[in-house]
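All figures in this text were calculated on a predicted structure; none of them were measured in a lab. So that the names make sense, note that chain A is the first sequence line, chain B the second, and so on, each numbered from 1. Note: hydrogens, waters and symmetry copies are ignored here, and every other heavy atom, side chains too, is used.
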Amino acid sequence: MLCENCGKNAATYHFTQNINGHETAHHLCAQCAAKAGSSDLSDLFGSFFFGAPSLRRAAVCESCGMTYAELSRSGKVGCAACYTAFAGELRPTLQRLYGNARHTGKVPADASQDLRRRRRLSEAKRELSEAIAAQEFERAAALRDEIRALDAENQ
Amino acid sequence: MNKWYSTAPKGADPIVLSSRIRLARNLASLPFPGRMSREQQTDLVARVRECVSAWHAESFTEYNETTPANTLAALAESHLISPDFAGASHIRAAFISGDESVSLMVCEEDHLRLQLLGQGLCLTELYAKADRLDDDLGGRLHFAFDEQLGFLTHCPTNLGCGLRASVMLHLPALAQSGGLRRISENAAKMGIALRGFFGEGSDPAGALYQISNQASLGLSEGEILQRVTEVVEHLLREEMRLRRELLRADEGALSDRVWRAHGLLSSARRMSTAEAMRLLSDIRLGISLSLLPEEADLPLFGLLREIMPAVIDPQGKMTPTERDTARADLLRKTFSRKE
């Protein structure tokens with residue numbers, strides 16, 4: 001088996017990476033493994049990027065002028081809009097890094113009202129099932145009312 | 001002004017040295033730094049300068065492309081800016097608070113890299129403060145955010161919360177026992193990385209290790225902090241157990257080792273960074289096991305940064321031998337008065 005990073009040397013270093021419960025097997029040669037061990041993993045993910053299918057070799061991000069060729073070389077995007085412009089090309093990399101995970105952390109204060117409401121809705125639903133499991137019925141009733149109200153606003 | 005690391009509180013944790021929170025943020029309206037024009041970079045630095053000047057609770061010093069290279073190198077050795085940022089040539093700035101606990105890099109890999117540092121295990125407190133500063137910056141600058149991917153970053157590995165939470169630990173007994181490998185493998189399964197802080201490999205200088213989360217998409221900030229804390233607490237228990245074992249096995253040998261370190265630090269006339277770090281590691285181990293008297297005002301973490309080459313020689317004019325001599329002088333002054 002050849003090293004998945006350089007594609008030249010025999011892979012002698014095999015490891016499984018688990019990020020957020022999503023396991024990926026990697027096979028590297030000694031040099032690339034040493035490089036991966038000696039720096040932030042992100043450098044290596046950059047070079048992993050070459051494995052993404054080149055659906056649109058000539059694709060360009062209209063916002064910053066980043067080309068697909070540049071993106072696949074560096075594994076890093078040129079601007080925020082690149083995530084939309086290269087959504088298809090980035091998908092395999094994001095899958096490898098995160099599986100199907102979605103952002104569940106902070107939402108910036110200036111995010112849209114809709115987004116904040118949707119986020120609160122999913123939080124409230126999770127809290128509701130916790131409250132029911134813990135037999136905290138008063139809290140559950142309050143959460144149910146909140147969910148109804150949020151649902152109505154989202155309509 | 002007192003730095004956050006300059007005094008070690010009495011009864012300070014013998015194993016946890018420091019905690020660090022780093023947030024990566026980008027503006028929605030600009031390309032990422034690598035693709036910005038000089039005008040855009042200058043403009044962004046000015047906008048951030050305005051935000052920082054409104055943070056009246058602390059005073060910030062600005063370092064930028066006009067700062068001497070050796071000053072930037074010293075800041076990088078003190079982990080206040082990244083080595084890449086120190087060595088770059090484009091328009092950029094770092095705003096660093098007087099006590100050095102807050103650092104904000106503008107136009108590093110991302111538009112903003114906010115870093116908070118504190119002594120001991122204090123991730124939650126640091127994040128709470130980072131969160132407030134982030135709210136303030138976000139309100140003025142409008143960050144790029146995607147419902148599914150979270151905060152959008154130059155490198156896809158920083159997506160999500162854009163958060164890296166790290167804790168620096170002193171693990172001499174675990175390093176000596178060879179037990180770190182297994183713990184490191186288990187931590188990796190939780191998405192937590194354990195690596196040598198100064199230098200890689202099986203024997204990092206000073207037995208200092210950094211524990212940090214690898215990814216921040218799919219987990220909330222609270223969950224990330226909790227996971228890192230869980231791994232840290234496990235390491236603390238193991239390290240303390242092994243230290244007591246070392247003591248039981250041969251107290252005489254261990255006592256000899258730490259007093260020899262004390263002897264060298266209080267007498268040597270020349271000392272390399274690596275040797276100083278190894279000896280300071282032994283001193284710290286000795287204090288934690290009461291083999292050496294506890295010195296509440298011995299700021300070992302502060303000393304660790306003061307012995308770095310560019311910190312010893314901010315002008316960059318000394319030869320390596322002169323630096324080794326200056327380092328030995330500094331350490332001798334600190335240790336010989338402790339008798």
Please find the pair of heavy atoms, one from [X] and one from [Y], that lie closest to each other, and give the distance.
| X | Y | answer |
| --- | --- | --- |
| A:Ala80 | B:Ala144 | CB-CB, 3.5 Å |
| A:Ala101 | B:Gly218 | CB-CA, 3.7 Å |
| B:Ala215 | A:Tyr98 | CB-CE2, 3.7 Å |

Could you walk me through whether A:Arg119 and B:Glu147 pass the salt bridge (charged side-chain N to carboxylate O under 4.0 Å, His left out) check?
CA-CA 9 Å; A:Arg119 179 57 74 84; B:Glu147 190 172 355; over 6 Å; no

Are any of the side-chain heavy atoms of B:Gln148 and A:His103 separated by less than 4.5 Å?
no

Step by step, work out the salt bridge (charged side-chain N to carboxylate O under 4.0 Å, His left out) result for B:Asp135 and A:Lys106.
CA-CA 10 Å; B:Asp135 282 344; A:Lys106 180 173 180 171; 2.8 Å; yes

Nearest-0.5 Å distance, [atom1] of residue [X] to [atom2] of residue [Y]:
| X | Y | atom1 | atom2 | value |
| --- | --- | --- | --- | --- |
| A:Cys61 | B:Arg35 | SG | CZ | 8.0 Å |
| A:Thr84 | B:Leu152 | OG1 | CG | 7.5 Å |
| A:Cys64 | B:Leu30 | SG | CG | 11.5 Å |
| B:Leu149 | A:Tyr83 | CG | OH | 7.5 Å |

Working note: A:Leu97 + B:Leu217, criterion side chain to side chain contact (heavy atoms under 4.5 Å, CB included); need CA distance, chi angles, decisive distance, verdict.
CA-CA 9 Å; A:Leu97 286 172; B:Leu217 177 61; over 6 Å; no

For the pair B:His154 (side chain) and A:Val77 (backbone), establish whether a donor and an acceptor sit closer than 3.5 Å, ignoring hydrogens and angles.
yes

Tell me, for B:Glu185 versus chain A, whether the close heavy atoms (under 4.5 Å) come from the side chain, the backbone, both or neither.
neither

